[in-house]
Amino acid sequence: MAHWLFKSEPDVFGWDHLTALGQAGSEWDGVRNYQARNIMRQMAIGDTGFFYHSRTGLEIVGIVEVIATAHPDSTAQDGKWECVDVRALKRLPRPVTLDQIKSDDRLSDMVLVKNSRLSVQPVSDAEWQIVLELAGHSPD
DNA sequence: GCCAACGTTGGC
DNA sequence: GCCAACGTTGGC
C-alpha cells in the first residue's frame with residue numbers, strides 16, 4: 001500500500017474540517033496542477049496519507065485514508081481536473097513540524113523539502129515510518 | 001505581507 | 001517552440 005501527503009491551509013480546509021465530515025470524508029478538490037493530478041491518479045482505495053497544514057501550522061497533523069480513486073473534480077467546469085476522496089483516519093499523537101523534517105537527515109529527500117510547492121505528494125515507505133516514529137505513533 | 005520558486009500563458 | 005510576463009503557492 002502506497003503513502004501520500006496532502007497539503008492544505010488550515011484556515012481554508014484544515015484537519016478539523018475533515019474530521020468533522022467523519023467516515024464520509026471529502027473530495028480533495030481544487031487541485032489545479034497537472035503533477036498533483038497525476039499523483040492522485042496513482043492512488044488506490046485504502047492508501048494512507050499525511051495531512052499537512054501549510055502556511056500556518058507547518059506541520060503534519062494527521063493520517064487520512066483514500067476512499068475513492070481519482071474522478072472528475074466536481075468544482076471544475078471542464079473534465080480536465082480530477083481528485084480522490086479522503087477521510088480522516090487518525091490524529092497524530094504529536095504533530096511533526098516542517099522544522100523537524102528539515103533537520104532530520106533521513107528525510108532530506110522528502111518532496112515536502114525538495115518541492116515545497118507541490119500540494120499532493122508521494123511519500124516513501126521509509127519516510128512514512130520515520131515520520132510516524134517522530135509523531136510518537138504506536139504501531140497497531 | 002514579502003518574495004522566491006515554480007507553473008502557466010501567450011506573443012512572436 | 002522559445003521565453004517573458006504573469007499568477008499562485010507557501011515558507012519566512
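Sequence lines set the chain letters: A, B, ... in the order given, protein chains first and strands last, and positions in each chain run from 1.
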Margin query: Nearest whole Å is fine: how far is C/dG10 P from A/Leu58 CG?
Written below: 11 Å

Next item on the list: List the protein contact pattern of nucleotides 1-6 of chain C with one symbol per nucleotide (5' to 3'): B for base contact, S for sugar-phosphate-only contact, - for none; contact means a heavy-atom distance under 4.0 Å.
Entry: ------

Margin query: Show the nearest heavy-atom pair for residues A/Leu21 and A/Ser26, with the distance to one decimal.
Written below: CD1-CB, 3.6 Å

Please list, for nucleotides 7-9 of chain B, all pairs of protein and nucleotide N/O atoms separated by less than 3.5 Å.
from	atom 1	to	atom 2	distance (Å)
B/dG7	OP1	A/Gln35	OE1	3.3

Note to self: Please say yes or no: joined through hydrophobic side-chain contacts below 4.5 Å, possibly via intermediate residues, are A/Val31 and A/Leu18 part of one cluster?
What the structure shows: yes

Note to self: Could you tell me if the side chain of A/Val64 sits less than 4.5 Å from the side chain of A/Leu89, heavy atoms only?
What the structure shows: no

Note to self: Show every ring-ring contact (aromatic ring centres under 6.0 Å, His included) that has at least one partner inside residues 90-133 of chain A, sequence neighbours left out.
What the structure shows: A/His3-A/Trp128, A/Phe50-A/Trp128

Next item on the list: On the 0 to 90° scale, with breaks at 30° and 60°, tag the A/His17-A/Phe13 ring pair as parallel, tilted or perpendicular.
Entry: parallel

Next item on the list: Determine whether A/Gln100 and A/Leu107 make a side-chain contact, defined as any pair of heavy atoms from C-beta on separated by less than 4.5 Å.
Entry: no

Check: C/dG11 P sits how many Å from A/Leu118 CG, rounded?
Finding: 12 Å

Margin query: What I'd like to find out is whether the side chain of A/Asp16 reaches to under 4.5 Å of the side chain of A/Arg91, using heavy atoms alone.
Written below: yes

Next item on the list: Would you kindly give the OH-to-P distance between A/Tyr52 and C/dG10, to the nearest whole Å?
Entry: 9 Å

Next item on the list: Rounded to the nearest angstrom, tell me the gap between atom CD in A/Glu59 and atom P in C/dC12.
Entry: 14 Å

Notebook entry, point to check: Looking only at heavy atoms, what is the nearest atom pair of A/Thr56 and A/Pro10, with distance?
Noted result: O-CG, 3.0 Å

